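Notes to accompany the following structure.
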Amino acid sequence: MTVTQDLLQSLLPEVTAIALKAGAAILKISVERSLIEKKEDGSPLTLADMASHNAIVSGLAALKTQFPVISEEADPEALSADAVYWLVDPLDGTKEFLAQNGDYTVNIALVENGVPVLGVIYAPEVDDLYYAANGLGAWKRKGQVEAERIQANEATRPPVAVVSRSHPSEETARFLQAHGVANTIPRGSSVKICAVAEGTADVYPRLNPTWYWDTAAGAIIAREAGCRVETPTGEPLTYHPGPVIKHFGFVVSGPAFQQ
């Protein structure tokens with residue numbers, strides 16, 4: 001099935017509503033009573049992760065147009081490389097949720113032939129909603145204020161990088177030094193990609209492995225805002241489902257950083 005722009009236009013309000021419901025489900029669960037478990041990779045799993053996952057899966061199942069779902073909190077389906085599918089991170093930044101710093105998000109993306117064509121990111125704690133679809137621009141809604149289109153920074157200034165608060169690396173430090181970037185903003189979750197998309201930062205280098213669901217929604221938002229989303233060697237970041245659904249580093253950069 002080809003995902004048309006008309007379909008994307010009709011899906012966007014439905015998927016943003018699903019993300020908002022998932023965020024509300026997270027906010028109902030306090031850190032103090034969120035049961036903490038450990039996944040096989042040692043990362044935390046909480047009741048909030050599962051409440052968001054359930055809200056998203058049930059919401060997507062109710063849509064008129066159906067696609068398979070790959071979620072962080074479920075065993076992945078075996079899909080063809082050119083499949084159209086939903087890619088979901090119900091709670092991106094569980095460590096940030098547990099630290100109660102607000103830097104966590106709900107991520108929902110629609111992927112067609114390895115390329116995200118629709119993305120929604122919601123930060124429940126601060127009520128920031130970002131969304132985009134192929135050819136429809138990137139948008140941000142703060143609370144109940146009307147959404148505004150966002151654009152990456154094009155002005156010349158000392159470059160600003162947004163970096164991972166929970167996953168610092170020597171590779172990232174070397175990248176920033178090599179590109180003469182002295183100003184950094186530590187953040188968590190996919191809000192780092194949104195920071196480049198809305199122009200508060202110019203580049204986000206992540207030079208260690210990440211799961212597909214960490215970045216897919218942010219990738220289309222950043223792209224529609226005028227950013228590049230690439231591997232460290234400059235190739236487009238793709239999301240073909242398969243036995244390995246990880247990227248081994250990426251760079252999100254705005255026009256000012258690319259000049």
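Quick caveat: nothing in here was measured; it's all calculated off a predicted structure.
Looking at Thr200, its side chain does come within 3.5 Å of a backbone N or O of Ala195 through a donor-acceptor pair. Under the 3.5 Å distance criterion, the side-chain polar atoms of Ser189 are left unmatched by any main-chain donor or acceptor of Gly93. Of the possible donor and acceptor atoms, one in the side chain of Glu112 sits under 3.5 Å from a partner among the backbone N and O of Val3. Gln5 places a side-chain N or O within donor-acceptor distance of the main-chain N or O of Asn134, the cut-off being under 3.5 Å. In this structure, the side chain of Asp103 engages the main chain of Gly188 through a donor-acceptor pair within 3.5 Å. Side-chain N or O atoms of Ser52 include none that pairs as donor or acceptor with a backbone N or O of Ala48 at under 3.5 Å. Within the 3.5 Å criterion, the main-chain N or O of Thr172 finds no donor-acceptor partner in the side chain of Arg206. At distances below 3.5 Å, at least one donor-acceptor pair connects side-chain atoms of Glu224 with backbone N or O atoms of Gly135.
Looking at heavy atoms from C-beta onward, Leu118 lies in side-chain contact with Leu12 at the 4.5 angstrom threshold. No side-chain heavy atom of Asp49 sits less than 4.5 Å from a side-chain heavy atom of Pro90. Using a 4.5 Å heavy-atom threshold, the side chains of Arg165 and Asn101 count as touching. A 4.5 Å side-chain heavy-atom check between Val252 and Val203 finds every atom pair outside the cut-off. For the pair Thr105 and Val191, the minimum side-chain heavy-atom distance is below 4.5 Å. At a threshold of 4.5 Å between non-hydrogen side-chain atoms, the residues Glu235 and Glu230 do not count as touching. Counting heavy atoms from C-beta outward, Asn153 and Glu198 have side chains that stay 4.5 Å or more apart. At least one side-chain heavy atom of Thr46 sits under 4.5 Å from a side-chain heavy atom of Thr94.
Connectivity analysis of hydrophobic side chains (ILVMFWY, heavy atoms under 4.5 Å, direct or indirect) links Val244 to Phe248.
Residues Arg141 and Glu146 are not paired through a salt bridge, judged by the lack of any N-O separation under 4.0 Å between the basic side chain and the carboxylate. A salt bridge between Asp127 and Lys142 is absent, with no side-chain N of the basic residue lying under 4.0 Å from a carboxylate O of the acidic one.
The only option from Ile108, Val88, Ile245 that meets the side chain to side chain contact (heavy atoms under 4.5 Å, CB included) definition with Trp213 turns out to be Ile245.
Atom CZ of Arg223 is separated from atom CZ of Arg228 by 14.0 Å, given to the nearest 0.5 angstrom. Taken from OG1 in Thr156 to CG in Asp202, the straight-line distance is 10.0 Å, to the nearest 0.5 Å. Between the CG atom of Leu8 and the CG atom of Leu110 there is a distance of 7.0 Å, given to the nearest 0.5 Å. Rounded to the nearest 0.5 Å, atoms NE2 (His247) and CG (Leu237) are 3.5 Å apart. Taking CD1 of Ile221 as the start and NZ of Lys140 as the end, the distance is 11.5 Å to the nearest 0.5 Å. Atoms CD1 and OG, from Ile18 and Ser58 in turn, are 8.0 Å apart once rounded to the nearest 0.5 Å.
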- Test side-chain contact (heavy atoms from CB on, under 4.5 Å) applied to Val163 and Leu176, step by step: CA-CA 10 Å; Val163 297; Leu176 297 176; 3.9 Å; yes

- Message: Apply side-chain contact (heavy atoms from CB on, under 4.5 Å) to residues Phe257 and Val181 and explain how you reach the verdict.
- Response: CA-CA 10 Å; Phe257 186 81; Val181 181; 3.8 Å; yes

- Message: Could you walk me through whether Glu171 and Asn208 satisfy the side-chain contact (heavy atoms from CB on, under 4.5 Å) test, starting with their C-alpha distance in whole Å, then the side-chain angles of each, then the deciding distance to 0.1 Å, before giving a yes or no?
- Response: CA-CA 8 Å; Glu171 293 82 2; Asn208 44 358; 5.7 Å; no

- Could you check Thr2 against Val84 for side-chain contact (heavy atoms from CB on, under 4.5 Å), going step by step and ending with a plain yes or no? CA-CA 8 Å; Thr2 300; Val84 179; over 6 Å; no

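Contact between Pro232 and Leu207 at its shortest, heavy atoms only, is CG-CD2, 3.8 Å. When all heavy atoms of Pro159 and Gly180 are compared, the pair lying nearest together is CG-O, 4.0 Å. Ala152 and Pro255 make their closest contact through CB-CD, 3.5 Å (heavy atoms, listed as atom of the first residue, atom of the second, distance). Smallest separation of non-hydrogen atoms from Ala219 and Val229: O-CG2, 3.8 Å. For the residue pair Ala22 and Ile56, the shortest heavy atom distance occurs at CB-CG1, 3.7 Å. When all heavy atoms are compared, the tightest approach of Cys227 to Ala197 is SG-CA, 4.0 Å.
Residues Tyr212 and Tyr239 place their aromatic rings such that the two centres sit under 6.0 Å apart. Aromatic pair Tyr130/Tyr122: ring centres not closer than 6.0 Å.
Relative ring orientation between Phe250 and Tyr204 is described as perpendicular, the plane-to-plane angle rising above 60° on a 0-90° scale split at 30° and 60°. The aromatic rings of Tyr104 and Phe97 stand perpendicular to each other, their planes meeting at an angle above 60°, with 30° marking the opposite boundary.
With 3.5 Å as the limit, one finds no donor-acceptor pair spanning the side chains of Asp6 and Thr4. No side-chain donor-acceptor contact under 3.5 Å links Asp214 and Ser190. Using a 3.5 Å distance cut-off with no hydrogens or angles, the side chains of His53 and Ser71 do pair a donor with an acceptor. A donor-acceptor contact under 3.5 angstrom links the side chains of Asp92 and Asn107, judged on distance only.
Cluster membership check: Ile193 does not share its hydrophobic cluster with Val126, using side-chain heavy-atom separations under 4.5 Å among Ile, Leu, Val, Met, Phe, Trp and Tyr. Placement of Val120 and Val57 in two distinct hydrophobic clusters is found when ILVMFWY residues are connected by side-chain heavy-atom separations under 4.5 Å, directly or transitively. Tracing side-chain contacts under 4.5 Å through hydrophobic residues (I, L, V, M, F, W, Y), one never reaches Leu129 starting from Ile150; they form parts of separate clusters. Linking ILVMFWY side-chain heavy atoms closer than 4.5 Å, directly or via other members, places Phe67 and Val115 in two distinct hydrophobic clusters. Hydrophobic cluster membership differs between Val15 and Ile121, with clusters built from Ile, Leu, Val, Met, Phe, Trp and Tyr side chains linked at under 4.5 angstrom.
Remark: Glu148 engages no residue in a side-chain contact (heavy atoms from CB on, under 4.5 Å) (not counting sequence neighbours).
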